[in-house]
S.K.: 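Structure incoming, see below.
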Amino acid sequence: MLKQYITDIAYQAIKEAVKNNRLGEMTLEQDFTLNTETPKNEEFGDFALNVSSLARYAKMSPAAIAQTVSEYINTDDIEINTVAGFINFKLGKSFLNTIIKDILNLKSTYGSNDFGEGQKVILEYVSANPTGPFHIGHGRWAAMGSALANLLKFAGYDVYQEFYINDAGNQIKNLGRSLHIRVLQEMGEKIDFPADETERKSFYPGDYLIPAAKDFVKENPEFSKSLTKELNDEQLEKLSSFAKAKMLEAQKELLKKFHTHFDNFYSETDLHKSGKVEKCLQKLEEKGMLYEKDGALWFKSSLFGDDQDRVLKKTDGSNTYLTADIAYHHDKIQRGFDKLINIWGADHHGYVARMKASIEALGDNPDKLEVLLGQLVNIVLNGEAMRMGKRKNMVTLDDLIDEVGVDATRYWMIIRSIDTTLDFDIELAKSKTDDNPVFYVQYAHARACSIFRNAKTERVNVETKEKIAPVFEETELDNAIMNADLNLLWTVDDEKSSASAKKLILKLEEFNFIIYMAARNRAPYLICKYLQELAGCFHQFYTFSRVLTEDKNLTAARLALVKAVSTVIKTSLDLLAVDAPERM
RNA sequence: GCGCCUGUAGCUCAGUCGGAUAGAGCGUCAGUCUCCGAAGCUGAAGGUCGGGGGUUCGAAUCUCCCCGGGCGCACCA
């Protein structure tokens, strides 16, 4: 990427200057970092390097350092000037043309890099209980997780996506007992969920079990008839596993619809059956990490930075949720992953310390686990925020998607940094106006595509009814673009046209840096931000530069730029798994 | 009380892990379609970066103390 290129040039110059004793007391052993940035004010140049950080070593004024270093920079086609402690670089046309050529040649791989060095990453997200439909929060993790997976792959990681099914424990029994009530209702019995608030909490009274009950009765008529208000273990087991399978199936279907792909669904029940949980306990025991107290088995997690020790085996002999989770994460490491990245809701942040503690206790590096804590989602309806999680007005993800569509839902779920609470404004996400960044970006892509359509099809002048011949035959269009003389972009004597073209090309180049930053910070929202800026630059270019003209050569040059733009928009939207429409 | 996140323009948010005059979108106001999609573009107004100390050449950014908001502190999952 160009930023790196500039930084390298500057580093070489500093080296030369030091060798010639021009930088005061500066030596090369000194620990300094150079940071090339894009200036806020574009009049300064295309890139800027701040050398103030060298002042303390050189014992010279930043301005003098900038001046001296700039004398040792020699490159073709870059203009250099210094202001105070800054060295400013202005790129020549050859650089700009090369950027377009690169994009046209690299196509959908433009922007990718090997930052991840092929590290094997297991990315775990959503991991919901199979006890009901997803709520809106799950939607944020699903959108963000799948976008992050795409992004990390693009940045050179080897990513494996996994969904941990929390299908063990009491909640599954509660689900079975809830289905039981719905089945009895189906059979015509007058029965309902307990009215008492606390008792009701161990049931799932949502309507979504009604269709499941209908299916159950259809598939198990005799069994259903034999059911009474009292359940034996065998019956409960049958009901529970039926409901669980139904819920899981619905969840999988929705994930698919939501462009979220998992390589594997990992069942907690299977984990228990495999004996891995017991094995993991043994391992902890052997390492002296366990002790008994008050009839329970405890893990010395406080040795590794946790606030307090944690119970792994309850007094009744059963394992806690944590026990299975420890075994699960241990298993991930055993499967050979270098990096365990989890997306958890902020309400689980207390678990990070104990999870890391368990990894360390089992003899691995706790830094292998990276937990991304996502702040929660509020639904904003008519300008009023509704807390999610309140059972009454819980909006399911399915409802939300039906209301605003997959694309807009995904985009809005990704648009904010994971650290901030997301206000999801339903009306705004639905709106097909310029308030809505999704449409702004998609429109830019559609507009670019429409230029290509027009370039090769006959049009009619609305005013004169005259036919306008296509600029290029379909067969020659691609060739014309690939072989365009890009210097023509700069020969027109229209200040605004060339300025907007240059700004646009530099924005295209910035994509490399954005991918690097977004991957490094695990921050897919940066792609949204970038897309909006890129779309803005393109719209501006479009207003100042007519693409389809009678000058075939100029048209080809501008089409090449438009092609580069649509390529990068498409690549970016693909990373977000949001559609890039050719017309809207 | 302890822990994590957070407070930046009227609103929603950026701010590249200490650097140039703090940015963008929306909203407001003023312009802009005989021509490739006006779902667009141009311009203007708008901020003592929650408050106060500290660190240094330099702080929205680091540190400490207050104030406000969200989430969590189970032998539930």
Side-chain angles (χ1 to χ4, degrees), chain A residues 3 35-41 44 48 50 52-53 55-56 61-62 83-86 88 129 131 166 168-172 201-202 268 294-298 307-308 310-316 318-322 324-325 345-353 373-376 378 380 383 387 415-421 423 425 428 431-437 439-440 442-444 446-447 449-455 459 461-464 468 471 496 500 513-514 516-517 520-521 525-526 529 532-533 535-536 538-540 542-549 555 558 562 583-584:
Chain A
K3 264 183 188 169
N35 200 7
T36 302
E37 50 195 279
T38 43
K40 282 156 195 162
N41 187 337
F44 286 123
N50 188 335
S52 303
S53 56
R56 70 178 62 166
S61 78
V83 182
F86 288 86
N88 296 315
N129 297 336
T131 52
N166 288 149
N170 290 327
Q171 84 273 19
I172 297 300
K201 273 189 179 155
S202 46
E268 184 185 349
D294 305 331
L297 189 63
W298 294 70
D307 298 342
Q308 52 175 282
R310 306 290 167 181
V311 170
L312 294 188
K313 241 181 218 308
K314 300 181 241 176
T315 41
D316 70 1
S318 64
N319 292 324
T320 61
Y321 170 77
L322 178 64
D325 223 19
D347 50 343
H348 286 75
H349 88 264
Y351 289 79
V352 179
L373 290 172
Q375 298 299 314
L376 305 179
N378 291 327
V380 176
R387 286 283 120 66
I415 198 168
R416 300 286 173 239
S417 152
I418 196 166
D419 288 333
T420 61
T421 310
D423 282 332
D425 189 323
L428 187 55
S431 76
K432 297 189 164 43
T433 64
D434 50 359
D435 325 2
N436 194 348
F439 286 91
Y440 184 77
Q442 288 185 321
Y443 175 60
R447 190 179 232 184
C449 291
S450 113
I451 296 174
F452 294 120
R453 279 195 301 273
N454 290 334
R459 286 166 296 148
N461 187 317
V462 191
E463 195 79 348
T464 61
I468 306 169
V471 188
K496 284 187 170 171
S500 61
F513 182 66
I514 294 296
Y516 160 73
M517 286 297 291
R520 195 194 71 181
N521 298 344
Y525 78 92
L526 289 174
K529 201 179 143 234
Q532 284 154 236
E533 289 168 3
F538 174 60
H539 286 313
Q540 193 188 46
Y542 177 90
T543 16
F544 291 133
S545 314
R546 197 176 161 85
V547 178
L548 303 178
T549 66
T555 301
R558 289 187 171 163
V562 176
R583 55 181 94 219
M584 2 186 350

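Proteins get letters first, then strands, A, B, ... in listed order; numbering begins at 1 in each. Computed from a prediction, not measured in an experiment: that's the story for all the values here.
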S.K.: What's the gap between B/C26 and B/A22 when it is taken at their P atoms, as a whole Å value?
M.R.: 22 Å

S.K.: With a 3.5 Å cut-off and heavy atoms only, can you find an N or O donor on one side and an acceptor on the other between the side chain of A/His349 and the base of B/G3?
M.R.: yes

S.K.: Would you say whether A/Phe86 stacks on B/A20? The test is a distance between ring centres of less than 5.5 Å and an angle between planes of less than 30°.
M.R.: yes

S.K.: In terms of the nearest nucleotide of RNA chain B, which residue is placed more toward the 5' end: A/Ser417 or A/Thr549?
M.R.: A/Ser417

S.K.: Using atom names, set out every protein N or O paired with an N or O of nucleotides 55-62 of chain B below 3.5 Å, distance rounded to 0.1 Å.
M.R.:
none

S.K.: Looking at residues at least two apart in the chain, or sitting in another chain, which of them share a ring pair (Phe, Tyr, Trp, His ring centres under 6.0 Å) with A/Tyr516?
M.R.: A/Phe115

S.K.: Starting at the 5' end of RNA chain B and moving along, which residue's nearest nucleotide shows up first, A/Arg416 or A/Leu548?
M.R.: A/Arg416

S.K.: Is any N or O donor-acceptor pair between the side chain of A/Thr320 and the base of B/C75 shorter than 3.5 Å?
M.R.: no

S.K.: What's the gap between B/U56 and B/G51 when it is taken at their C1' atoms, as a whole Å value?
M.R.: 22 Å

S.K.: Using a heavy-atom cut-off of 4.0 Å across all strands, would you classify A/Phe44 as base, sugar-phosphate, or nothing?
M.R.: base

S.K.: Say you pick atom C1' in B/C33 and the same atom in B/A39; how far apart are they, in whole Å?
M.R.: 14 Å

S.K.: Could you check if the base of B/C33 is syn or anti? Syn means the glycosidic torsion is within 90 degrees of 0.
M.R.: syn

S.K.: Compute both the distance and the angle, then confirm whether A/Arg447 meets the cation-pi test with A/Tyr542: under 6.0 Å from the six-membered ring centre, within 45 degrees of the axis.
M.R.: yes

S.K.: Would you say the side chain of A/Gln375 lies within less than 4.5 Å of the side chain of A/Arg416, judging by non-hydrogen atoms?
M.R.: no

S.K.: So, the side chain of A/Asp294 versus the backbone of A/Ala296: is there a donor-acceptor pair under 3.5 Å, distance only?
M.R.: no

S.K.: Looking across every strand, which nucleic acid part, if any, lies under 4.0 Å from A/Asn50 by heavy atom: base, sugar-phosphate, or nothing?
M.R.: base

S.K.: Is A/Thr421 side chain donor-acceptor paired with the B/G70 base, going by distance under 3.5 Å alone?
M.R.: no

S.K.: Using a cut-off of 4.0 Å on non-hydrogen atoms, how would the nucleic acid contact of A/Lys313 be classed: base, sugar-phosphate, or nothing?
M.R.: nothing

